[in-house]
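Single-structure report; data block below.
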Amino acid sequence: MNSLKSQGFAPVVSHLKKDGSEWTVKEKLMLGLSPKEYWAVQLRNPFNWVLWAIYAVGLPILVGRFIYGLGWVTHSSYDYPWGLFLGWGLFVMVPLSASGFMMGTTVELFGRKDFKSIERLGLLNGLLGYLFAVMFLQVDLGQPWRLIYPMFVSLGPAAVLFLVAWHVATYLSCQVAELVPAFAEWMGFPKAKQFIKKIVLGLTVAGIILSTLHQGALGALFTYAPGKVHPLWYSSSFQWFQFFVSAVFAGLSMLIVVSTLTKWFMRWRCDETYLNNLSKLTLGLAKGASLALITYLVIKIIGIAHDNDWQYLASGWGAWFMFEMVVGVILPLIFYTMAVRNGNASLARFSAFLAVFGLALNRLNTALITFNWQLYQEIPHWREVVIVVTVYATYIVVYRAVLARMPILYTWKEKK
Amino acid sequence: MKKLHRRSFLKGGLVGGAAIAAVGTSKHAEAAGSFGGYPDSMGVLVDLTKCVGCRTCEAACNKEQGLPAPDKSFDDPSVFEEKREGGLPRRTTEKAYTVVQKYDVPGREHPLFRKVQCNHCNEPACLTSCFVNAYKKTPEGAVMYDPTVCVGCRTCMVACPFYIPAYSYSSAINPVVKKCIMCYDTRLKFGKPPACVEACPQEVMTFGKRKDLLKLAHQRISEKPDAYVDHVYGENEVGGTAWMYLSDVPFDKIGYDTHLGDQPIISYVKEFLAIVPMVLTIWPALFTGFHLLSNRKDGLKNEDNKS
């Protein structure tokens, strides 16, 4: 598409074509290309070849999971009831999607209108991340068709997961509402946009409350397993706060990562405002992320001091913990700070990749790698890995499809 | 000045205390502090020194609960040599709610056999972690599970400190948690001991009220201090369990986790649960306030423009 644009192709940015007639929905879905051109573009893209390969292997296995049961795709472990589906799909995806509430807060609540051009990308990153976390959950649940049971059939309100279920559900609707304006512009429903504008502050505050609690609750889920998670990754008092604060830097870092990817691979879809502001905004996000990182680092150290876990630092697990902290927290902290000081957006982008890696490592360490540290190490079944890759690929496909169409990376031009 | 006599103060205190007690018993006790267990709940005392590893209990459990036939027959001793991942001994599965493990203890004349099943905690981690309320602790002491509401999130398996609940992963249509229910439906409800207890030819297990069993356990230890280690496993572990154990070998040498602490698992989660209402009540005002503060300049500008 980038090369197409350099040849003079103009993507859809308003309801009207160059000749003054209106785009139909079908034409908008085809990105303003003729069907023949559209499919030719899809076929030419080497990334799509990779996706097809993933689906060729992954889809039959995903279907097989629902025909033959979880036992066919996992090791059916009683000792490790949670595997990669939740370890990656829930515990990594959700904090990386904290960008939604972060950007809502920055722009709508703190009135930083200068972040407006990246706000929608933050919101979309949040919405899709949560949506696919639920998809991963549906793959993992023994009886996915009972997903609404904790809501309406049999309630266990004293359980942490009850809070997660309710909050993720309400927050998903919250995020859908926050993105209605983008959809309304694209479809041409001005009233829907007006309505959301009236309630946006309420939505944003609700987003902060729900995010604080469910990001924290994901950490608190592990406080049910005090003897199973390694002490260096476990803190009865601070687990929820550690998960919440790390979600803040993770969400911001993921937004930097995604915006960098759009700058590289979807430049044709970005407008001038977005591209011109991106470096400045990247540094703004980097500043926020560095503040969250230093908070996180301090609360991690306090957690160790509070439970007096110092002696574990000298063990093999301690070395692994230090690796996570240095590569995933301290280095990004230093690089972010240097980037902000020197106005170096490229360094901030590199740092964002590190911070995202650090977050993922932390969650996988808590949920899988150090879990049952006194028993044995569980290596996921290959089919489990294939399903995770397949669902994640679908996340990327949907993400890319929305970015290519709706006014996320560009500003919609109203009629005339 | 009114005079408060000591006697009338005490009387008032008694009446008030009785009222609180009456109200307190009518509500669930888990709301505040920890729950010490139902007063007349039943339990089982397992004297590991008596077990010979005949696995009659396993066979009785299999029959009583209508479980599928085992891979190896119940009189095949080779199961004791089987190891699961990590070189760990056999554990409860979806096909076996109770299993006997063998431990070769250096210096001990015979190997030690250990029966494993759900310990039926006073304040069970599985119950408190379940978001659809599938678990129930009955006044008789059994921890029950309702497969008709279970979503299959398996948090109970993560939460159980004893690694007891198993899951029927093989089923695509109706996978459920599988664990010992102390034969509640068929026996405990009617005051009868669980099938495994009744079947044991060595009288390893004693069924009775938990509080009586505790007395019995300590009595046995004090009568034969050389024959037992001075610890009743399950008396206090994670808030106390209905199944309790006596042993002549230190418990940490025969696979028992002796670092679980005396607090029920839910007490580790309460620090988070306490902040939930705080966030719910404080955040709205706090962040709306931030919004007003950060937009104050715009408001002032507008006022200036008006005047």
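Letters A, B, ... are given to chains in the order of the sequence lines, protein chains preceding strands, and every chain is numbered from 1. Note that the structure is a prediction, hence the values are computed from the model and not measured.
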Item to check | Atom of B/Val151, atom of A/Pro150 and distance for their closest heavy-atom approach | outcome: CG2-CD, 4.1 Å
Checklist entry - Contact part of B/Asn174 toward chain A, heavy-atom cut-off under 4.5 Å: side chain, backbone, both or neither? => result both
Checklist entry - Which bit of A/Glu108 comes within less than 4.5 Å of chain B, counting heavy atoms only: side chain, backbone, both or neither? => result backbone
Checklist outcome for this item: Comparing A/Leu163, A/Ile208, A/Val160, A/Val205 against chain B, the one with the most heavy-atom pairs below 4.5 Å turns out to be A/Ile208
Next on the checklist: Determine whether a donor-acceptor pair (N or O, by modelled atom type, separation under 3.5 Å) exists between the side chain of B/Lys179 and the backbone of B/Thr93.
Outcome noted: no
Checklist outcome for this item: Ranking A/Asp79, A/Leu70, A/Leu375 by heavy-atom pairs under 4.5 Å to chain B gives rank one to A/Asp79
Next on the checklist: Tell me which of these, B/Ser129, B/Ser171, B/Ser170, B/Gly261, has more heavy-atom pairs under 4.5 Å with chain A than the rest.
Outcome noted: B/Ser129
Next on the checklist: For A/Phe91, run the ring pair (Phe, Tyr, Trp, His ring centres under 6.0 Å) check against A/Phe136, A/Phe243, A/Phe85, A/Phe222 and tell me which one passes.
Outcome noted: A/Phe222
Item to check | Centroid-centroid distance, B/Tyr256 to B/Tyr245, less than 6.0 Å | outcome: yes
Next on the checklist: Given heavy-atom pairs under 4.5 angstrom as the criterion, report whether the side chain, backbone, both or neither of B/Ser168 touches chain A.
Outcome noted: neither
Checklist entry - So, the side chain of A/Gln215 versus the backbone of A/Val94: is there a donor-acceptor pair under 3.5 Å, distance only? => result yes
Checklist outcome for this item: Ranked by heavy-atom pairs below 4.5 Å to chain B, first place among A/Gly69, A/Ser154, A/Ala159 goes to A/Ser154
Item to check | Toward chain A, the part of B/Leu293 with a non-hydrogen atom under 4.5 Å | outcome: neither
Checklist entry - Using non-hydrogen atoms only, which part of A/Ala206 is less than 4.5 Å away from chain B: side chain, backbone, both, or neither? => result neither
Checklist entry - Side chain, backbone, both or neither: which part of B/Cys153 has an atom under 4.5 Å from a heavy atom of chain A? => result both
Checklist entry - Salt bridge between B/Glu81 and B/Lys102, side-chain N to carboxylate O under 4.0 Å? => result yes
Checklist entry - Any ion pair linking B/Glu82 and B/Lys72 (charged N to carboxylate O, less than 4.0 Å)? => result yes
Checklist entry - Out of A/Leu161, A/Thr212, A/Asp140, A/Thr105, which one racks up the most heavy-atom pairs below 4.5 Å with chain B? => result A/Leu161
Next on the checklist: Any side-chain to backbone donor/acceptor pair from B/His291 onto B/Phe287? Under 3.5 Å, distance only.
Outcome noted: no
Item to check | Residue, of A/Ala158, A/Pro226, A/Gly202, that accumulates the most heavy atom pairs under 4.5 Å with chain B | outcome: A/Pro226
Checklist entry - B/Thr288, B/Ile173, B/Leu280, B/Leu273: which one forms the most heavy-atom pairs within less than 4.5 Å of chain A? => result B/Ile173
Checklist outcome for this item: Okay, B/Leu88 and chain A: the region with an atom under 4.5 Å from a heavy atom over there is side chain
Checklist entry - Would a line drawn from the ring center of A/Tyr80 to the ring center of A/Tyr376 be shorter than 6.0 Å? => result yes
Checklist entry - Is it the backbone or the side chain of A/Trp145 that comes under 4.5 Å from a heavy atom of chain B, or both, or neither? => result side chain
Next on the checklist: Can you confirm if the aromatic rings of A/His214 and A/Tyr130 lie within a centre distance of less than 6.0 Å?
Outcome noted: yes
Item to check | Pairs of heavy atoms under 4.5 Å with chain A: top-ranked of B/Glu94, B/Glu271, B/Arg84, B/His259 | outcome: B/Glu271
